[in-house]
Every structure is written in C-alpha cells, then in structure tokens.
Protein chains: 2
Amino acid sequence: MDLFVSKYINKIDKKGRVSLPSSFRNILPKANRNEIILYKSIKTPSIEGCGVGRLKEIAKRINNLDFFSEDYDDFSTSIFSEIITTNIDKEGRFLIPEELKLYASIKTEAAFFGQGHYFQIWDPKKGQKNTEDSRRRLLKEKKSLRMMLTQQK
Amino acid sequence: MDLFVSKYINKIDKKGRVSLPSSFRNILPKANRNEIILYKSIKTPSIEGCGVGRLKEIAKRINNLDFFSEDYDDFSTSIFSEIITTNIDKEGRFLIPEELKLYASIKTEAAFFGQGHYFQIWDPKKGQKNTEDSRRRLLKEKKSLRMMLTQQK
DNA sequence: TGGGATTATATGGGCGTCAATGGGTATGTG
DNA sequence: CACATACCCATTGACGCCCATATAATCCCA
C-alpha cells in the first residue's frame, strides 16, 4: 500500500518528540525516509504533512489556479513560505515545531489522519469532531459517498 | 469465480485473529493476497472489506476532485482516515481492529457475507437478522421476488 | 466404487521482532 | 553556560512468523 490511510493517536514526550506511525513511514521513499515536510492546513486548524517528493505535486496544483487571481498568491504564500522540513530519527520520531503545534492546538497527543497522498495531524478531540462533521456533510448527499465507495471500475 | 459470495461464520481467537474464508482469499489478486482493507459500512452496523486494489481506484477518483474544494477534504477524511489496512498471515488470518469490532458488535464470532465486489462482516445474530429483514423488504416492495429470481437472462 | 491416504482449512499456542515510548548523554550553537 | 537537538540504549506490549492439531475435503488406487 502506498497511500496514507487510517488514523493513529501518538503521544508527544517531554522533549517534544512524536512517532510518525510506522505505516506512514513505510510510504516514504527509501531514499528520503528520514525527512518529511509539514505545513499549516489552509482549510482546517490542523497540520498537513507528506514526503518531500510531494512538493512537486503541490506546486502543480497551485499552478493550475489562475495565475492572476488572488487565490494564487494566497495559496503560494501560505503554503510554500510556510513549509517546514523536519527530520525523522532512528526510532521514527520527529519534532513538531512550536508554531505548528499552536496553530493546531496540539499539546500532549497528536492524531494522525491518513488522507491518501498526504496526512493531517490534529489535536485528537478536534480531529474527531472534524471527522464527524465532514461525515455529516457528506451524508446529506448520501449518494455521493456511497458511490465513491462502491462504484465499479 | 472472482466475486465474494456465500456466507461463513468463523471464530475469533484469544489474540483477536480470525480466518478470512478461503474462498474469499482466493479472490484477492496474487500480488496483494496478504492485505485487505476494512471500513465501517455506511448504512449498517457491519464492517465492509475488500482487496487493496479497490482502494487505489477510490484514491484516483478523489484525486480528480477539485483539490481546494471542501468536498475534497470531506471525502478524503471520511474515506482515507476511516479505512484500515490489515495484513493476512500465512494461515489466512487477520486482526479486526477494536474500534471496528465495537461498531459491529462483534465479540467471539464473525459472520462473513459475500457481496460481490466486497464483503461484509457481521455479528452472526445481527447478520442473520439483517438477511431476513432485507429479504422481507424485497418481498414486500417487489411484489414478486419469484419473478426476479426465475426470470431468465 | 469404497476406503485409506493425502491435502486444505480452521484453529490454538510459543516465541522472536518491531513499534511506541522513555530517558541519558554527547554535540552544537547562540 | 543554557538551551535545543541528535544519537544511543532500555522497556513494554502488540504483532508477525512458525509449528502443531483437528476436522473436512479431495484424491487415488486396488
């Protein structure tokens, strides 16, 4: 499996270290397995993260926006200038910068949410609520979620 | 046969392991025969499962949504973070995560129901009742189930 | 074709490995 | 020196891998 999936809640120790879930580590390419990038989510009070390889993909997405729109500047400023690279130690742990922890209200525990090609880090309670809210929004259009899951080919 | 069909009831041992019915295992592609994905059924208190190949199709579909839309986040949260991948050991057994067992009220036995391209895991009693209920609904709504079943071609 | 032999499946349990976590110490940078 | 971070080692519990058994299914040959 080469996608970030499932949810994990890990502890942040006194030194600020937290384990990246093992299944997430395995997705990172062997070449850059000891480095990830982190940035503030645009839409939610959470941190988003992924392997360094995905930077190119993000750049492409932003490039697809209208170059002269305000969104273009806003996205490229908020994402690129705020991206932080962080190293993973031999035990699979890394440090979440203070500023990002503040942004996501993360204190002693970090909830990792798989999002396919990237992942999100939430305060466990906030993350739980976000999951419920987003599920509720989708259920309003029940058909679309069901189709997404069961549609053939 | 490349469809999940029929019903099986297997025991969950002390370690939480349960055998995936052999006929279900044989449907998984040889390449990914030792891994399946599980998630909560949307409409019933049961667990749904299938091979990982299906997940990749879902990922592709989500990836085609507008990256900056709310729907994109809702789908990827509801799907990727709620999906669990689990490994199948050499004897054909796997672990059902505690959270999913709770959701489906599964304790010591798991009932596997083939559903074509996927399968469901129920508490045996609940699953039995669900089968009866859905048959009853069918009989009521379509006046003649017999016609449907006996109709040729 | 009957019945013993072989194989497959479901199940149980021992044990080594790995993941998550904690902490001590060295290195480094202001 | 004070603080931050990287490296090393230790602990615990969960999980994967291996081996064993019982029952069921299949095969094979006289």
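In what follows, chains carry the letters A, B, and so on, assigned in the order in which the sequence lines appear, proteins first and then strands, with residues in each chain numbered from 1. Computed from a predicted model, the values in this text were never measured in an experiment.
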Members sharing W122(B)'s hydrophobic cluster (side chains within less than 4.5 Å)
F113(B)

Is S22(A) touching bases, backbone alone, or none of the nucleic acid, heavy atoms closer than 4.0 Å?
sugar-phosphate

Give me the distances for all protein-to-nucleotides 7-11 of chain D N/O pairs that come in under 3.5 Å?
residue : atom : partner : partner atom : Å
dC8(D)  : OP2  : K90(A)  : NZ           : 2.6
dC9(D)  : N4   : E91(A)  : OE2          : 3.3

Compute the bend angle of the helix from dT1(C)-dA30(D) to dG30(C)-dC1(D) from the end axes (five pairs per end), rounded to 10°.
40°

Please give me every residue in residues 2-12 of chain A whose heavy atoms get under 4.0 Å of an atom in DNA chain C, ordered by residue number.
N10(A), K11(A)

E98(B) has an atom CD; how far is it from atom P of dG13(D), in whole Å?
17 Å

Could you work out, with side-chain hydrogen bond (donor to acceptor under 3.5 Å, both in side chains) as the rule, every residue matching R17(A), not counting sequence neighbours?
D13(A)

With sequence neighbours left out, what residues match E82(B) under side-chain hydrogen bond (donor to acceptor under 3.5 Å, both in side chains)?
none

Identify, with sequence neighbours excluded, every residue that meets side-chain hydrogen bond (donor to acceptor under 3.5 Å, both in side chains) alongside S76(B).
Q115(A)

Tell me every residue that passes side-chain hydrogen bond (donor to acceptor under 3.5 Å, both in side chains) with S46(B), counting only those two or more places apart in sequence or in another chain.
T44(B)

Numerically ordered, the residues 100-115 of chain A set in heavy-atom contact under 4.0 Å with DNA chain D is none

List, by chain and number, the other hydrophobic cluster members for L20(A), where Ile, Leu, Val, Met, Phe, Trp and Tyr join if side-chain heavy atoms come within less than 4.5 Å, directly or indirectly.
F4(A), Y8(A), I12(A), V18(A), F24(A), I27(A), L28(A), I36(A), L38(A), I47(A), I84(A), I88(A), F94(A), I96(A), L100(A), I106(A), F112(A), F119(A), I121(A)

Can you tell me if S105(B) and K126(B) form a side-chain donor-acceptor pair at under 3.5 Å?
yes

Tell me every residue that passes side-chain contact (heavy atoms from CB on, under 4.5 Å) with E91(A), counting only those two or more places apart in sequence or in another chain.
D89(A), R93(A)

Contact span of DNA chain C against chain A, any nucleotide atom under 4.0 Å from a heavy atom, 5' to 3', runs dA19(C) to dT25(C)

Rounded off to whole Å, could you give me the CG-to-P distance for the D13(A) and dA4(D) pair?
14 Å

